[in-house]
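All remarks here apply to the structure that follows.
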Amino acid sequence: TQLLEQSPQFLSIQEGENLTVYCNSSSVFSSLQWYRQEPGEGPVLLVTVVTGGEVKKLKRLTFQFGDARKDSSLHITAAQPGDTGLYLCAGARGNDYKLSFGAGTTVTVRA
Amino acid sequence: ETGVTQTPRHLVMGMTNKKSLKCEQHLGHNAMYWYKQSAKKPLELMFVYSLEERVENNSVPSRFSPECPNSSHLFLHLHTLQPEDSALYLCASSQVVRTGGDYGYTFGSGTRLTVV
């Protein structure tokens with residue numbers, strides 16, 4: 001079983017619609033990160049959340065860390081084709097600096 | 001150059017070949033990583049080098065061997081690979097801060113490896 005479960009696995013929406021992807025675990029994380037990976041490239045860090053209940057906004061992207069620090073969500077408002085990519089969540093437990101990754105959510109935004 | 005640079009970007013090798021992947025980081029980070037990315041699977045940590053330790057994933061076959069000559073360079077030596085080793089191999093670096101903070105990784109663009 002995976003330490004971090006992401007859902008849905010695939011998501012295809014029309015430009016202008018909203019979407020939410022989820023990252024869940026039974027483990028507690030000291031920090032959780034979201035990355036976006038485009039085809040042929042490596043993942044790029046979007047945000048790090050470290051406090052339970054924390055909400056961070058990055059333009060049209062809103063990230064939330066669960067109160068118990070076991071889950072997180074990424075919400076995109078008015079999605080654009082440029083948001084297309086593989087979204088990965090990754091977490092660190094305790095003082096460990098090594099991250100565990102989820103399998104990712106592939107998001108496709110159609111023009 | 002800035003960031004994390006991986007070469008080559010693409011590699012096709014036979015099962016009897018020996019090749020090496022190279023990674024270089026210009027960020028002054030103190031930890032470097034090799035990850036394997038296969039379709040529909042989570043990124044699999046293969047090896048870590050930091051100022052404090054070298055970590056190996058025990059499930060990685062011995063046909064993969066890492067080398068880290070200094071804090072800026074990381075190699076992955078490949079020999080007698082199998083077709084199931086075909087994947088995207090990603091290098092990453094980070095600044096390890098034991099007292100907490102942002103553990104964000106900077107990834108290279110990866111090497112797409114095909115074993116024939």
Side-chain angles (χ1 to χ4, degrees), chain A residues 1-11 21 23-25 27-52 54 56 58 63 65 69 72 85-106, chain B residues 2-10 21 23-25 27 29-57 87-113:
Chain A
T1 56
Q2 299 176 18
L3 190 60
L4 286 164
E5 297 281 349
Q6 289 191 242
S7 61
Q9 188 176 355
F10 299 97
L11 191 56
V21 298
C23 177
N24 295 293
S25 178
S27 297
V28 176
F29 291 92
S30 56
S31 69
L32 202 141
Q33 303 174 356
W34 286 92
Y35 293 79
R36 180 171 64 214
Q37 184 177 18
E38 298 183 11
E41 298 297 330
V44 175
L45 179 66
L46 297 174
V47 77
T48 300
V49 286
V50 297
T51 305
E54 182 177 5
K56 281 192 174 180
L58 183 66
F63 305 86
F65 201 12
R69 291 186 289 138
S72 181
L86 176 66
Y87 288 82
L88 298 164
C89 68
R93 291 186 290 177
N95 286 327
D96 195 356
Y97 61 91
K98 298 181 290 296
L99 296 176
S100 297
F101 282 81
T105 295
T106 300
Chain B
T2 59
V4 178
T5 303
Q6 288 188 244
T7 54
R9 289 295 304 271
H10 301 273
L21 309 184
C23 177
E24 188 173 359
Q25 60 102 356
L27 300 167
H29 286 166
N30 60 10
M32 296 187 76
Y33 313 79
W34 280 117
Y35 277 88
K36 177 183 179 181
Q37 187 174 35
S38 303
K40 301 180 182 178
K41 293 183 180 179
L43 269 71
E44 176 188 356
L45 179 62
M46 301 176 72
F47 303 101
V48 181
Y49 281 85
S50 75
L51 286 180
E52 301 180 12
E53 60 183 346
R54 165 182 158 166
V55 177
E56 298 186 13
N57 181 338
L88 181 67
Y89 289 85
L90 290 163
C91 173
S93 69
S94 74
Q95 185 66 18
V96 175
V97 181
R98 282 295 185 191
T99 55
D102 192 337
Y103 296 105
Y105 289 9
T106 301
F107 283 88
S109 297
T111 295
R112 174 65 64 184
L113 174 66

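A, B, ... follow the sequence lines: proteins, then strands. Residue 1 opens every chain.
Contact annotation for A:Gln37: only side-chain heavy atoms (C-beta onward) come within less than 4.5 Å of a heavy atom of chain B. The part of B:Leu45 that comes within reach of chain A is its side chain, from C-beta onward, which places non-hydrogen atoms under 4.5 angstrom from that chain. Neither the backbone nor the side chain of A:Leu4 has a heavy atom closer than 4.5 Å to any heavy atom of chain B. Contacts between B:Glu44 and chain A at a heavy-atom distance below 4.5 Å are absent for every atom of the residue. In this structure, the portion of A:Gln9 lying under 4.5 Å from any heavy atom of chain B is its side chain and not its backbone.
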Mind running side-chain contact (heavy atoms from CB on, under 4.5 Å) on A:Glu41 and B:Leu88 for me, showing each step along the way? CA-CA 10 Å; A:Glu41 298 297 330; B:Leu88 181 67; over 6 Å; no
Start with the C-alpha gap between A:Leu99 and B:Tyr35, add the side-chain angles, then the distance that decides, and say whether side-chain contact (heavy atoms from CB on, under 4.5 Å) holds. CA-CA 11 Å; A:Leu99 296 176; B:Tyr35 277 88; 4.3 Å; yes
Give the C-alpha distance, both sets of side-chain angles, the deciding distance and a yes or no for side-chain contact (heavy atoms from CB on, under 4.5 Å) between B:Thr106 and A:Leu45. CA-CA 7 Å; B:Thr106 301; A:Leu45 179 66; over 6 Å; no
Do B:Val48 and A:Tyr97 pass the side-chain contact (heavy atoms from CB on, under 4.5 Å) test, and can you show the C-alpha distance, the side-chain angles, and the key distance before you say yes or no? CA-CA 10 Å; B:Val48 181; A:Tyr97 61 91; 3.7 Å; yes
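Residue A:Pro43 comes nearest to B:Leu90 through the heavy atom pair CD-CD1, 3.8 Å, listed as atom of the first residue, atom of the second, then distance. Taking all atoms of both residues into account, the shortest heavy-atom contact from B:Tyr105 to A:Gln33 is N-OE1, 4.2 Å. Here the closest heavy-atom approach between residue B:Arg9 and residue A:Gly40 is recorded as NH2-O, 2.6 Å.
Most heavy-atom pairs under 4.5 Å with chain A, from the set B:Gln6, B:Gln37, B:His10: that is B:Gln37.
We find the NZ-OG distance between A:Lys98 and B:Ser50 to be 7.5 Å, quoted to the nearest 0.5 Å.
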